[in-house]
Amino acid sequence: MTQVRALVLERQHELALRDIDLPLDVGPGMVKIAIHTVGVCGSDVHYYTHGKIGPFVVNAPMVLGHEAAGTVTEVGAGVTHLKVGDRVCMEPGIPDPNSRASRLGMYNVDPAVNFWATPPVHGVLTPEVVHPANYTFKLPDNVSFAEGAMVEPFAVGMQAATKARITPGDTAVVLGAGPIGTMVALAALAGGCARVIVADLAQPKLDIAAQYQGVIPVNIRDRNVVEEVARLTEGWGADVVFECSGSPHAWKTIMDLPRPGGAIVVVGLPVDPVAVDIAGASVKELRIENVFRYAHQYDRAIALIASGKVDLKPLISETFAFEDSRKAFDRAVEARPSDVKLQIRVAAQGD
């Protein structure tokens, strides 16, 4: 164990930038990474404000952060695809490779997965981390560290688009224009959707999403989303609906949005169980898919960003210095309508 400086969630509502013991020995198959940029995720903020997410409870001090990019500084035995100096981003969830879920290719739902900044696993808001090389991905020269730190949330969008089984020319609906909803919309467009109707009640978020060609914003304060989707599809309905808001209210009318034989992809997680209109789904023979994080998406996400087909830079609202990490989290707690993604630059200026 090594004493390193980190942003530590001591307990609910209490953050400290202090030294803490973290494991930094580089074993076989591992790499050490100098962290450059870390995104502030909604789950990080939720642990800060609530001290728990479902069964995951912060019972001891925990380093926050899991959306990260940096530079390889040391390579363990047996690692051949990475070298010192490589710019990389890291997939934060490490499964048991021998678990049944992993052997089925669904390693994201492995109950034994260790995920950064999920109690009791420490995150990466600290200058250096050690990580398995197989979950560390090289960034192309034209992809910045800031974009590299966006790969993690974009991978959620990629997982959702993959689950949707998009056909070129499809019309999609995204309920919720938060960071993940916007990422889902971009992944759906990259996956072949001709247009994506994005619904939310925060106009600034809709304005940001509407910068992208193919996005049709709908402010649900002013317009009924069911009526708008019917109008835009001539009464047929959308090919796929992505529920990204986590709001229980979305489920009251969600079955009215897809076309017969369409799909609903559930991305947002309501805090409490919600009622589902099974009959409404049945008469249309709707397919309902669920998303939990992602699997096998990082390389595809990086390729799309590098190709220029997906530009995530407009979604970065502000970048804070490492010493201002607490300010970044307090800003995230404010939940400003104009904020999409806040990031923290851990590396010193000039690095």
Side-chain angles (χ1 to χ4, degrees), residues 5-18 20 35 37-69 92 115-126 146 149-150 152-154 156-157 175-184 200-209 220-221 244-250 267-272 293 312 314-346:
R5 194 162 175 78
L7 182 69
V8 181
L9 177 61
E10 305 285 7
R11 59 189 60 83
Q12 184 182 2
H13 301 311
E14 186 180 335
L15 284 172
L17 200 57
R18 66 169 176 87
I20 188 172
I35 297 294
T37 300
V38 179
V40 178
C41 177
S43 66
D44 296 318
V45 177
H46 200 85
Y47 283 124
Y48 176 34
T49 56
H50 292 78
K52 63 179 181 178
I53 297 177
F56 301 104
V57 181
V58 179
N59 291 317
M62 180 183 76
V63 178
L64 291 171
H66 63 264
E67 304 173 2
F115 199 92
W116 280 341
T118 300
V121 182
H122 287 300
V124 294
L125 268 165
T126 184
M150 295 282 274
E152 198 278 338
F154 185 54
V156 177
L175 302 177
I180 294 299
T182 305
M183 299 282 190
V184 168
D200 203 291
L201 46 73
Q203 190 60 45
K205 292 189 184 300
L206 290 171
D207 291 341
I208 292 167
I220 58 175
R221 291 186 188 275
C244 301
S245 71
S247 170
H249 299 293
V267 186
L269 299 177
V271 174
D272 298 309
R293 295 172 180 159
L312 302 180
L315 304 182
I316 301 170
S317 303
E318 189 160 338
T319 303
F320 293 78
F322 184 44
E323 293 301 316
D324 293 328
S325 293
R326 283 173 290 182
K327 290 182 182 178
F329 271 79
D330 289 336
R331 164 82 167 263
V333 170
E334 290 179 36
R336 297 183 187 180
S338 57
D339 282 348
V340 178
K341 176 59 63 177
L342 303 176
Q343 291 188 331
I344 296 169
R345 196 176 193 270
V346 177

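Note that the structure is predicted; figures quoted are calculated from it, not measured.
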If you define the side chain from C-beta out and look only at heavy atoms, does anything of [X] sit under 4.5 Å from [Y]?
X      : Y      : answer
Tyr48  : Leu15  : yes
Thr319 : Ile344 : no
Cys41  : His66  : yes
Leu7   : Phe329 : yes
Glu10  : Arg18  : yes
Val63  : Val124 : no

Could you give me the CA-CA distance, side-chain angles and deciding distance for Leu17 and Phe322, then say whether side-chain contact (heavy atoms from CB on, under 4.5 Å) is met? CA-CA 9 Å; Leu17 200 57; Phe322 184 44; 3.8 Å; yes
In Å, rounded to the nearest 0.5 Å, how long is the span from [atom1] of [X] to [atom2] of [Y]?
X      : Y      : atom1 : atom2 : result
Thr49  : Gln12  : OG1   : CD    : 7.0 Å
Thr118 : Ile53  : OG1   : CD1   : 7.0 Å
Leu315 : Leu342 : CG    : CG    : 12.0 Å
Asp200 : Lys205 : CG    : NZ    : 7.5 Å
Ser43  : Leu269 : OG    : CG    : 11.0 Å
Met183 : Cys244 : CE    : SG    : 11.5 Å

Salt-bridge present ([X], [Y]; N to O < 4.0 Å):
X      : Y      : result
Lys341 : Glu67  : yes
Arg293 : Glu152 : no
Glu334 : Arg331 : no

Applying side-chain contact (heavy atoms from CB on, under 4.5 Å) to Asp44 and Leu9, what does each step give before you reach the verdict? CA-CA 9 Å; Asp44 296 318; Leu9 177 61; over 6 Å; no
Stepwise side-chain contact (heavy atoms from CB on, under 4.5 Å) check, Tyr47 with Val57: CA-CA 8 Å; Tyr47 283 124; Val57 181; over 6 Å; no
Of all heavy-atom pairs between [X] and [Y], which one has the smallest distance, and what is that distance?
X      : Y      : answer
Ala149 : Gly39  : CB-N, 4.3 Å
Pro61  : Val8   : CB-CG1, 3.7 Å
Pro204 : Pro337 : CB-O, 3.6 Å
Ile208 : Pro314 : CG2-O, 4.4 Å
Ala68  : Ile35  : CB-CD1, 4.2 Å

If only atom types and distance count, is the side chain of [X] paired as donor or acceptor with the main-chain N or O of [Y] below 3.5 Å?
X      : Y      : value
Ser317 : Val340 : yes
Thr126 : Arg5   : yes
His122 : Met62  : no

Quick one, Phe320 with Gln343, criterion side-chain contact (heavy atoms from CB on, under 4.5 Å). Give me CA distance, side-chain angles, the key distance, then yes/no. CA-CA 6 Å; Phe320 293 78; Gln343 291 188 331; over 6 Å; no
Walk me through whether Glu318 and Lys327 qualify under salt bridge (Lys or Arg N to Asp or Glu O under 4.0 Å). CA-CA 11 Å; Glu318 189 160 338; Lys327 290 182 182 178; over 6 Å; no
